[in-house]
Structures are given as structure tokens and as C-alpha cells.
Amino acid sequence: MANILIIYTGGTIGMVHDPKTGVLFPFDFKQIKDNVPELQRLNHQLTVHSFDPIIDSSDMNPGIWVDIAKLIESNYEQYDGFVVLHGSDTMAFTSSALSFMLEGLAKPVVLTGSQLPIDEIRTDAKENLITAIMIAAEKHEGKAVTPEVCIYFDYQLLRGNRATKYNSAKFEAFQSPNYPLLAEAGVHFSFFETYIAKTSNKPLKVHKDLDTSIAVLKLYPGINQQMVDTVLQSDCKAIIMETYGAGNTSTEAWFLNALKKTIDSGKLILDISQCRGGSVELGRYETSRQLKDMGVVSGFDMTFEAAVTKLMFLLGSGKPIDVVARMLPLNLRGELTEN
Ligand code: ASP
């Protein structure tokens with residue numbers, strides 16, 4: 001029997017339809033409990049902490065990530081695992097953020113939600129919830145089987161900082177394009193041990209300072225100088241540049257000069273690819289060699305979600321920008337594959 005803390009933040013899983021307008025809005029946990037009598041048959045001690053207010057995850061923000069991390073910290077010893085109920089829209093941002101904030105995690109933090117509300121006949125919520133609890137409770141020789149932040153959705157367990165929401169209509173809402181699944185739930189559970197993080201033997205350290213001074217520059221053929229300058233010159237410390245293919249950009253002089261000027265002014269530029277699969281390889285093509293030479297930082301195969309939250313975490317640590325630039329391409333929590 002395991003002790004599991006369920007942290008309810010909101011999301012479709014617990015939403016109901018407004019009788020007048022028909023729109024979905026978040027509702028309290030009782031709604032979930034009443035619709036899943038199976039929870040009582042689980043051989044685990046379940047405690048629920050509901051956030052107030054309960055939100056659609058489009059309203060998620062770093063302040064709430066800190067609250068979730070604090071809640072896990074203050075309950076860390078009493079519980080064997082944590083299940084975070086969350087809307088799927090920004091779930092991969094929250095799971096990425098938590099992975100960086102919870103250093104030395106030795107217990108499972110499993111995020112889940114659903115595409116259909118729990119009271120709908122075809123809902124995916126029941127299976128997601130029940131199995132997420134079972135995964136958070138799973139132990140082998142007294143140790144948690146999945147001691148990391150992960151997402152459970154549609155029979156698949158994904159590493160939290162590798163996952164990305166790719167589909168708003170399929171029950172399979174998430175993919176992990178650059179990292180294998182951690183587990184699959186069929187008739188039996190299959191845990192893919194080689195890909196699951198090893199249990200940390202360091203104490204849990206919770207990082208609560210996140211710095212949101214970042215900007216995002218997504219490239220497209222025809223992007224104009226004014227647009228580029230507006231982003232690069234905005235009030236930020238770092239820019240995530242979403243590039244083409246293996247990290248390539250235009251080689252037009254005005255564009256490269258603008259990047260160089262930005263780096264020389266003390267800002268950091270992180271290069272991640274618009275491609276879901278594969279990795280940034282600065283210097284593979286002429287169109288990225290110049291980026292490497294001027295000090296653009298490679299994000300390798302990080303997801304956008306991991307890049308955003310890793311930057312907030314590293315900038316929040318108060319380290320100087322050159323140290324942040326050196327740490328970004330390092331694999332801190334299994335979020336990237338260095339090449
Ligand atoms: N809009 C919802 C949310 O993210 C979608 C979901 O839960 O799947 O809260």
C-alpha cells in the first residue's frame with residue numbers, strides 16, 4: 001500500500017459544461033471522485049490537495065509551478081509518490097519546469113489529465129487517472145520504479161521534459177520525439193528501465209526562483225528586420241531562436257549582424273529547431289557555422305517547453321549570463337542529448 005498525494009490544478013479532466021453556454025469550465029475534485037468509484041478499490045492511501053482556483057491550464061504560470069514544487073517539498077517525506085492533475089494544454093511546460101526545480105528527486109511525480117471530461121461516457125480520464133496513481137505507487141525492492149517527473153497519457157509514460165503536446169483531438173495528446181517512452185500500460189505494465197532516471201541518493205533540493213525575462217524569435221522565410229529587432233531588443237536576458245532543420249538560419253548580413261549585436265550587448269541566444277525530431281548541430285552547414293562562431297548556444301534536441309523552463313530556472317539561479325550559456329547545452333535532467 002502506497003501513500004499518494006494527488007495535486008489537483010484543473011484541466012478538462014474535472015471540467016463540466018456550463019448549462020447555459022455549453023462551454024467547459026474547471027470544477028472541484030468532488031466531480032472527479034464521484035465519477036471514479038474505482039479509486040476506493042485501489043489499495044492505496046490517497047490524499048487530495050486542490051489548488052484554489054482550479055484552472056484551465058492555459059492560465060498556468062511560473063508562480064503556480066513554484067506552489068506545486070513547494071507542496072511536493074513540504075509533503076516529500078510523508079508520500080511515496082505524487083500525481084498532478086493538470087490540463088493538457090500546458091502540461092509539458094509544467095512537467096519540464098518541475099523537472100528542473102526538483103533536483104535530486106527520488107520519488108515519482110506523474111502528471112496526467114484528459115481530453116474528455118471525466119463524466120463523459122467515452123472519457124479517457126478514468127484510465128489516465130487510475131494508471132497514473134498506480135505508476136506513482138509502483139515500487140521495486142522498496143524503491144520507486146519511476147523516480148522522475150513524467151507525463152502519463154493514453155497508455156504511455158513519457159519523460160516530463162521530453163514530452164510535447166502534439167494533438168488536441170486524439171487521446172494520444174503527447175509525444176516524446178527525441179527520447180523513448182519510459183513505460184507502456186497494456187494488459188501488463190512494461191517499464192523500460194534503461195531509459196528511466198536512476199534513483200537519486202542526494203537529498204531533494206527545490207529551486208524556487210524562476211526568471212521569466214526571455215523572448216522567442218521564430219524564424220520564417222520573409223521575416224523582416226523590424227520584427228527581428230523588436231524581439232532581439234526587447235527587455236529580456238535571453239532569446240530562444242526557433243531555427244530551421246539542424247539549427248540553420250538565414251545568412252543575410254542584416255540578420256547575422258543583428259544576432260551578433262545582441263550577443264555583444266550581453267544577451268544570450270539559444271538555438272532550438274522547429275523540427276520536432278532530430279537535433280541542432282551548429283557548424284554542420286555554412287548557415288549555422290557563423291552562429292556558432294558568434295556564440296549562439298546550441299539547445300541540441302530540447303523541446304520548446306524544456307528550453308523555456310530551463311532558461312527560467314538557470315536565469316533564476318542568479319548565475320552570470322556566461323555561466324548560464326555554458327550550462328544550457330549540458331544535460332541537467334535528461335532533457336537533451338548532446339551530440
Ligand atoms: N484547455 C484544457 C486545459 O489545458 C485542455 C485539457 O485539459 O486537455 O486545461
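Read the numbers this way: they start at 1 and go in the same order the structure lists the ligands and their atoms.
Crowding of Gln78 atom CD: a count of heavy atoms from other residues, nucleotides or ligands under 6.0 Å exceeding 12.
Across all non-hydrogen atoms, the minimal contact from Thr123 to Leu116 is OG1-O, 2.9 Å.
Looking at Ser114 against ligand 1, only its backbone comes within 4.0 Å, counting heavy atoms. When heavy-atom distances to ligand 1 are checked against a 4.0 Å cut-off, Met91 has no atom that comes that close, whether in backbone or side chain.
Listed by atom number, the atoms of ligand 1 under 4.0 Å from Gly11 heavy atoms are 7 (O), 9 (O). Residue-ligand proximity, Gln115 to ligand 1, at heavy-atom distances under 4.0 Å covers atoms 8 (O).
Among protein heavy atoms, the minimum distance from atom 9 (O) of ligand 1 is reached at Ser57 N, 2.7 Å. In terms of protein heavy atoms, atom 8 (O) of ligand 1 is closest to Ser88 OG, 2.4 Å. The protein atom (non-hydrogen) at minimum distance from atom 5 (C) of ligand 1 is Thr12 OG1, 3.2 Å. Of the protein's heavy atoms, Asp89 OD2, 2.8 Å lies nearest to atom 1 (N) of ligand 1.
Remark: aromatic rings of Phe313 and His207 are close, center separation under 6.0 Å.
Test Lys107, Lys198, Arg159 against Glu148 for salt bridge (Lys or Arg N to Asp or Glu O under 4.0 Å) and you get one pass: Arg159.
Side-chain contact, Thr164 with Glu305: a donor N or O sits under 3.5 Å from an acceptor N or O. Defined by atom type and a distance below 3.5 Å, a donor-acceptor pair is missing between the side-chain atoms of Thr9 and His86.
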